[in-house]
Participant: 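Starting off with a structure, shown below.
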Amino acid sequence: MRNWSGHVEFTSERFESPSSVTALQALVSGSTTIRALGTAHSFNALADTTGVHVSVADLPGSLEIDSAKGLAWVPAGMRYGEAARLLDAQGWAVHNMASLGHISVAGTIATGTHGSGDRNPTLSASVAGLEMVTAAGDLLTITHDDPSFAGCVVALGALGVTTRVLLRVEPTFGIRQYVIDDVDHESLLAGFDDVFSSAYSVSFFTCWTPELTGKIWMKRREGRDAPLTDAQLAGEPWLGGHLATAKRHPLPEHDAMHCTEQQGALLPWHEALPHFKLDFTPSSGDELQTEYLVPRERAPGLLRDLEALAPRIHPLLHVSEIRTMCADELWLSGAYGRDTVGIHFTWKKVPEVLGLLPEIDALLGPAGGRPHWGKLYESDPAALASRYPRFDDFAGLVATFDPTGKFRNQTLDLLLGSRNVHHDHR
Ligand SMILES: Cc1cc2nc3c(=O)[nH]c(=O)nc-3n(C[C@H](O)[C@H](O)[C@H](O)COP(=O)(O)OP(=O)(O)OC[C@H]3O[C@@H](n4cnc5c(N)ncnc54)[C@H](O)[C@@H]3O)c2cc1C
């Protein structure tokens, strides 16, 4: 068994996908080493285990919406895009989506996965409650009013196996997507706040070519963002570029067929907030990804610093994406306690990438950059843990929830061991 991109070979002794919560409870309580696996989209060994890999995808369950409270229970093993479709069919929405909807709900929230938008927090931040099977095999429901809840959402699979997730929902809304071509880095950095506040969700894509130009993808929320002016629609200069005349793919020269519709078509939120359509596989997995979540006010300076690495980044890169998100309260979220900018790299699947990761870390880490938990990074575990003010509280939760260390793996051992939370679970 391998991860989605194929470069991580899992070391689990077997894979189980129970079809009832009772069977899951028995499996977890009877195992000495076990770990939840979502859709295996992470680019590192975070989801790996030497024991049992367990999926919740076959558990029975459906959406349960409480319209009065604006809350919906969603099966944790469902793909996020499917949950989004079902919500929309009943007139509801979540505030944002990641670049594609193929990823499980549980895996999405366990790693602090995010989309973009100055006023949009991570997807994990829309979680109001969780149902999970604990190490002892008990079924526990924990909600936002519990003092430890903020440590239980972005939990890296360390606290239990999540079976259902309670999401905050809002009435369905429409999005119009546009792309602006030929935006040079200088214009982006000079007008950083103007660009990222120009729509509900904004991404900047760049390949770090010598010309240092990129594209703005904007997702305008109907009824909230102003319609485009005639001049903007006519291709007048705007935000350092001009409106694209055809549909685009984030990677130059790639067919945009599988991308969500652009050029102003009014679409339901879940068909335009992701970059890729749910019914298509966006690529073969022939890529690696790295992302650092940096303090927003440091982002323009750090992007300028990265320009020095551009000649080395560009040959190894498919494309980079810059996104924003507002602060949240989740202890292990990349956006914990501060407005944040995600500096993301979609790499070619070549070993030379691994040689560049320490340099990226040396540049972005000391500036408070937190690597995305589900992507590739090369960081000293102690330094990494120190970038999360509540890391020791999280380590305390792990010790309480999982006293024998059955959910631990090498990644967690390194992280928690760096804060003297040792456990020999083998
Ligand atoms: C093509 C592609 C595009 C992506 N786009 C984005 C993006 O736009 N924004 C972004 O932020 N990230 C993005 N990612 C990263 C992705 O969102 C994360 O890696 C996410 O964690 C993957 O979810 P998964 O279900 O595959 O989880 P897995 O990789 O299977 O597991 C990740 C973690 O979640 C835990 N987990 C999974 N299921 C459960 C469960 N039931 N209970 C408890 N813990 C569980 C695992 O133990 C593990 O620790 C992208 C990845 C890919 C491959």
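Only heavy atoms go into these numbers, but all of them, side chains included; no hydrogens, no water, no symmetry mates. When a ligand or atom number is given, it counts from 1 through the structure's own listing order.
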Participant: At the 4.0 Å heavy-atom cut-off, does Phe43 count as touching ligand 1?
Facilitator: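 Yes; Phe43 lies near enough to ligand 1 that a heavy-atom distance drops under 4.0 Å.
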
Participant: May I ask whether Lys375 places a heavy atom under 4.0 Å from ligand 1?
Facilitator: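 Yes; Lys375 lies near enough to ligand 1 that a heavy-atom distance drops under 4.0 Å.
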
Participant: Just jot down the ligand 1 atoms closer than 4.0 angstrom to any heavy atom of Gly38, in number order.
Facilitator: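 Those atoms are 25 (O), 28 (P), 30 (O), 37 (C), 38 (N).
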
Participant: For the residue pair Asn44 / Ser42, report whether a side-chain donor-acceptor contact shorter than 3.5 Å exists.
Facilitator: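 Side chains of Ser42 and Asn44: no pair found under 3.5 Å.
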
Participant: Below 4.0 Å, non-hydrogen atoms only: which portion of His372 touches ligand 1? Side chain, backbone, both or neither.
Facilitator: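 Looking at His372 and ligand 1, just side chain atoms fall under 4.0 Å.
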
Participant: Dump the intermediate steps for side chain to side chain donor-acceptor pair (under 3.5 Å) on Asn96 and Tyr200, then the final yes or no.
Facilitator: CA-CA 10 Å; Asn96 212 354; Tyr200 182 73; 5.8 Å; no

Participant: Can Ala40 be said to touch ligand 1, with heavy atoms closer than 4.0 Å?
Facilitator: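 Within the 4.0 Å threshold, so yes.
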
Participant: By number and element, which atoms of ligand 1 are closer than 4.0 Å to a non-hydrogen atom of Trp4?
Facilitator: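 Those of ligand 1 that fall under 4.0 Å from Trp4 are 1 (C), 53 (C).
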
Participant: If I apply the N/O under 3.5 Å rule, does Thr111 come out as touching ligand 1?
Facilitator: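 Yes, there is a polar N/O contact under 3.5 Å.
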
Participant: I'd like to check which ligand 1 atoms, numbered from 1 as shown, lie under 4.0 Å from a non-hydrogen atom of Gln289.
Facilitator: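 Within the 4.0 Å cut-off of Gln289, ligand 1 contributes 1 (C), 2 (C), 3 (C), 4 (C), 50 (C), 51 (C), 52 (C).
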
Participant: Answer yes or no: does an N/O atom from Ala36 fall short of 3.5 Å to an N/O atom of ligand 1?
Facilitator: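 Between Ala36 and ligand 1 (N or O atoms, distance only) the closest approach is under 3.5 Å.
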
Participant: For ligand 1, which atoms sit closer than 4.0 Å to a heavy atom of Gly374?
Facilitator: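 Those of ligand 1 that fall under 4.0 Å from Gly374 are 19 (O).
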
Participant: Going by atom types alone, do Thr163 and Glu131 pair a side-chain donor with an acceptor below 3.5 Å?
Facilitator: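 Indeed, the side chains of Thr163 and Glu131 share at least one donor-acceptor pair under 3.5 Å.
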
Participant: So for Gly160, does at least one of its heavy atoms come nearer than 4.0 angstrom to any atom of ligand 1?
Facilitator: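 A heavy atom of Gly160 does come that close to ligand 1.
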
Participant: If we only count N/O pairs under 3.5 Å, is His41 in contact with ligand 1?
Facilitator: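 Between His41 and ligand 1, an N or O pair is found under 3.5 Å apart.
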
Participant: Looking only at the side chains, is there a donor atom on one of Asp118 and Thr324 sitting less than 3.5 Å from an acceptor on the other?
Facilitator: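 The answer is yes; a qualifying pair exists.
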
Participant: Give me the one residue out of Lys219, Arg176, Lys247, Arg248 that meets salt bridge (charged side-chain N to carboxylate O under 4.0 Å, His left out) with Glu261.
Facilitator: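 Checked Lys219, Arg176, Lys247, Arg248 against Glu261; only one passes salt bridge (charged side-chain N to carboxylate O under 4.0 Å, His left out): Lys247.
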
Participant: Provide the number and element of each atom of ligand 1 under 4.0 Å from a heavy atom of Val56.
Facilitator: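 Per the distance check, 41 (N).
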
Participant: Cut-off 3.5 Å, side chains only: do Glu321 and Thr346 have a donor facing an acceptor?
Facilitator: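 Per modelled atom types, Glu321 and Thr346 side chains form no pair under 3.5 Å.
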
Participant: Kindly confirm or rule out a cation-pi arrangement of Arg370 over Tyr388, judged by NZ or CZ under 6.0 Å from the six-membered ring centre and within 45° of its axis?
Facilitator: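 Flagged: Arg370 positioned over aromatic ring of Tyr388.
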
Participant: Nearest to atom 23 (O) of ligand 1 by heavy atom, Val165, Val154, Ile103: which?
Facilitator: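 Nearest heavy atom to atom 23 (O) of ligand 1 lies in Ile103.
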
Participant: Dump the intermediate steps for salt bridge (Lys or Arg N to Asp or Glu O under 4.0 Å) on Asp193 and Arg296, then the final yes or no.
Facilitator: CA-CA 10 Å; Asp193 288 341; Arg296 180 172 176 127; 2.7 Å; yes

Participant: Please list, in number order, the atoms of ligand 1 under 4.0 Å from a heavy atom of Val161.
Facilitator: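 Heavy-atom distances to Val161 below 4.0 Å select 42 (N).
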
Participant: Below 30° counts as parallel, above 60° as perpendicular, anything between as tilted: where do the rings of Trp208 and Phe345 land?
Facilitator: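 Correct class here is parallel.
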
Participant: Out of Asn409, Thr113, Leu100, Thr346, whose heavy atom sits nearest atom 18 (C) of ligand 1?
Facilitator: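 The option holding the nearest heavy atom is Thr113.
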
Participant: Looking at Phe407, does the NZ or CZ of Arg35 lie under 6.0 angstrom from its six-membered ring centre and within 45 degrees of the ring axis?
Facilitator: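 Because its charged atom misses either the 6.0 Å distance or the 45° angle limit, Arg35 does not stack over Phe407.
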
Participant: Just distances here: any N/O of Leu156 and N/O of ligand 1 closer than 3.5 Å?
Facilitator: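 There is such a contact, yes.
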
Participant: Heavy-atom contact under 4.0 Å between Arg323 and ligand 1?
Facilitator: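 Flag set, Arg323 near ligand 1.
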
Participant: Identify, by atom number and element, the atoms of ligand 1 in contact range of Ala106, meaning under 4.0 Å from any of its heavy atoms.
Facilitator: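 Checking each atom against Ala106, I get 38 (N), 39 (C), 40 (C), 41 (N).
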
Participant: Do the rings of Phe43 and His7 sit parallel, tilted or perpendicular, given the 30° and 60° boundaries?
Facilitator: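 Parallel, since the angle between the ring planes stays under 30°.
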
Participant: Which atoms of ligand 1 sit under 4.0 Å from any heavy atom of Ser99?
Facilitator: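 Here the atoms of ligand 1 in question are 3 (C), 4 (C), 5 (N), 6 (C), 7 (C), 8 (O).
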
Participant: Taking distance alone, with no angle check, do Gly107 and ligand 1 share an N/O pair under 3.5 Å?
Facilitator: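 In this structure, Gly107 places an N or O atom under 3.5 Å from an N or O of ligand 1.
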
Participant: For residues His53 and Phe10, establish whether the separation of their ring centroids is below 6.0 Å.
Facilitator: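 Ring centroids of His53 and Phe10 are less than 6.0 Å from each other.
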
Participant: Do Thr290 and His344 have a side chain donor and acceptor closer than 3.5 Å?
Facilitator: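 The criterion, which ignores hydrogens and geometry beyond distance, is not satisfied for His344 and Thr290.
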
